[in-house]
Amino acid sequence: MTEAHAIDPEDRKIIVLARSARARNGVAEGAAVRDETGRTYVAATVGLPSLELSALRTAVAMAVASGATSLEAGAVVTEAEALADADLAAVADLGGTTPVLLAGPDGTVRTTLTAG
C-alpha cells in the first residue's frame with residue numbers, strides 16, 4: 001500500500017494537502033480529512049499555551065464546524081510512528097470505519113489505520 005500507484009487519487013490528494021500544511025507551518029504534523037460530500041479540511045498541529053491539538057483533531061474539528069456528518073478518509077503526515085488514540089477517536093466520533101493514512105514527511109504511506 002505504500003507505492004504511489006496503489007493509493008487512490010483522492011487519498012493521494014489528502015496526503016499532499018497534509019504534507020503541505022506541515023511544511024508551510026513548520027510544525028510536527030499536517031493532516032487532512034475528506035467528508036461524505038468530498039470536501040477536504042486541512043490543518044496543522046496547534047500548539048498554544050492554552051490550547052494544544054494534533055493536526056488530525058484540528059482537521060476533524062474544522063470538518064464538524066463546517067457541517068460534515070461523516071468522514072470518508074483521513075491522512076496524517078508526521079515523523080511519528082503512530083497516532084494517539086485520541087486522534088483516531090476523534091475520527092471515529094463521526095461514525096463508521098474510516099481509514100486514516102499515516103505517512104512520513106516525504107508523503108510515503110507507512111500504514112493505514114482504521115478509526116471506528
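Residue numbers run from 1 in the order of the sequence given. Worth knowing before you read on, the calculation uses all heavy atoms, side chains too, and leaves out hydrogens, waters and symmetry mates.
- For Glu81, the side chain to side chain contact (heavy atoms under 4.5 Å, CB included) criterion is met by Arg110, not counting sequence neighbours.
- Applying the side chain to side chain donor-acceptor pair (under 3.5 Å) rule to Asp85 yields no partners; only residues at least two apart in sequence or on another chain are considered.
- The side-chain heavy atoms of Leu83 and Leu56, taken from C-beta on, include a pair separated by under 4.5 Å.
- Every residue two or more places apart in sequence or in another chain was checked for a side chain to side chain donor-acceptor pair (under 3.5 Å) with Ser20, and none qualifies.
- With sequence neighbours left out, Glu52 forms a salt bridge (Lys or Arg N to Asp or Glu O under 4.0 Å) with no residue at all.
- Side-chain contact between Leu51 and Leu53 is present, with heavy atoms from C-beta onward closer than 4.5 Å.
- Other residues sharing the hydrophobic cluster of Leu17, ordered by chain and number and joined by side-chain separations under 4.5 Å: Val42.
- Sorted by first and then second residue, the side-chain hydrogen bond (donor to acceptor under 3.5 Å, both in side chains) pairs with a member in residues 88-101 form an empty list; sequence neighbours excluded.
- Remark: the backbone N or O of Thr78 is not paired with any side-chain donor or acceptor of Arg22 at under 3.5 angstrom.
- The salt bridge (Lys or Arg N to Asp or Glu O under 4.0 Å) contacts involving residues 94-103 comprise nothing, where partners must be two or more places apart or lie in separate chains.
- In this view, Arg34 and Asp11, Glu72 satisfy the salt bridge (Lys or Arg N to Asp or Glu O under 4.0 Å) rule, not counting sequence neighbours.
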Considering only distance and modelled atom types, tabulate donor-acceptor pairs under 3.5 Å from the side chains of residues 58-69, sequence neighbours left out.
unit_1, atom_1, unit_2, atom_2, d
Thr58, OG1, Ser54, O, 2.8
Ser66, OG, Met62, O, 3.0
Thr69, OG1, Glu36, OE2, 3.1

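- Every salt bridge (Lys or Arg N to Asp or Glu O under 4.0 Å) that Arg39 has, sequence neighbours left out, goes to Asp35.
- For the pair Val100/Leu88, a side-chain contact is recorded, criterion being any heavy-atom separation below 4.5 Å from C-beta on.
- In terms of modelled atom types and a separation under 3.5 Å, the side chain of Asp106 and the main chain of Thr108 share a donor-acceptor contact.
- Shown are Val46, Thr45, Asp87; of these, the side chain to side chain contact (heavy atoms under 4.5 Å, CB included) with Arg57 is made only by Asp87.
- Residues that satisfy the side chain to side chain donor-acceptor pair (under 3.5 Å) test with Arg19, not counting sequence neighbours, are absent from this structure.
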